[in-house]
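None of these values were measured; they are calculated from a predicted model.
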Amino acid sequence: MFTENASRHGSRAAGDNDDGDLLLTLWDRAREEGQLTRLGEDFGPDVRALLAAMGKVGYGNLSGRGKQELHDTAERMAQRLPQLLDTIAKHGESTDVVSSGQGRAVDTRAPAPEPTVGKSD
């Protein structure tokens, strides 16, 4: 029997703050030159708040939303394949977990079993 879950790595904070810093540099310049629109005036504080939130989560780290997305994916698989999962558990059968081994993929599969196929060093 074969089943597969091919998905992305779950919602995460940005990998770094470089883009946010560039936006703020441009925003600061526009503010200094009096070139901000009414909507633009809120943009800088919004970017700063977003950068602070991403820093709190940790750049590149799985967010609470991302954790919930992964949990929901597992729940849907359990609902879709109850007989398969019950049989595996009942007979103590083994499963193969395949992962690219990339950092985000590794973070995403936790607490799933260690991959037995496709593991990279």
**Asked** Can you check salt bridge (charged side-chain N to carboxylate O under 4.0 Å, His left out) on Asp28 and Arg48, steps first, answer last?
**Response** CA-CA 12 Å; Asp28 287 336; Arg48 285 188 173 88; 3.3 Å; yes
**Complete:** Value for CG (Asp46) from CG (Leu23), rounded to nearest 0.5 Å, stands at 11.5 Å
**Request:** Using the rule that two of Ile, Leu, Val, Met, Phe, Trp, Tyr join whenever any of their side-chain heavy atoms come within less than 4.5 Å, decide whether Val47 and Leu26 are in one cluster.
**Result:** no
**Message:** Between Gln35 (side chain only) and Glu33 (backbone N and O only), is there a donor and an acceptor less than 3.5 Å apart?
**Reply:** yes
**Straight-line distance of Phe43 CZ to Leu24 CG, nearest 0.5 Å** = 7.5 Å
**Asked** What's the spacing between Asp19 CG and Leu50 CG if we round to 0.5 Å?
**Response** 11.0 Å
**Request:** Indicate the atoms forming the closest heavy-atom contact of Tyr59 with Gly15, along with that distance.
**Result:** CB-O, 3.4 Å
**Message:** Can you give me the closest heavy-atom contact between Leu51 and Asn17, atom names plus distance?
**Reply:** CD2-CB, 3.8 Å
**Complete:** Between the CZ atom in Arg65 and the CZ atom in Arg12, the distance rounded to the nearest 0.5 Å is 14.0 Å
**Request:** Please indicate whether Gln83 has more than 12 foreign heavy atoms, meaning atoms of other residues, nucleotides or ligands, lying under 6.0 Å from its CD.
**Result:** no
**Asked** Do Thr87 and Glu93 get their side chains close enough for a donor-acceptor pair, meaning under 3.5 Å?
**Response** no
**Asked** Counting distance only, does the side-chain N/O of Ser11 pair as donor-acceptor with the main-chain N or O of Ser63 below 3.5 Å?
**Response** no
**Message:** Once rounded to the nearest 0.5 Å, what's the spacing between atom CE of Met54 and atom CG of Asn61?
**Reply:** 12.0 Å
**Request:** Please lay out, stage by stage, how Leu62 and Leu70 fare under the test side chain to side chain contact (heavy atoms under 4.5 Å, CB included).
**Result:** CA-CA 10 Å; Leu62 194 61; Leu70 297 173; 3.8 Å; yes
**Request:** Could you tell me which non-hydrogen atom of Gly40 sits nearest to which non-hydrogen atom of Leu36, and how far apart they are?
**Result:** O-CD2, 4.0 Å
**Interatomic spacing from CG in Asp21 to CG in Asp16 - rounded to 0.5 Å** = 8.5 Å
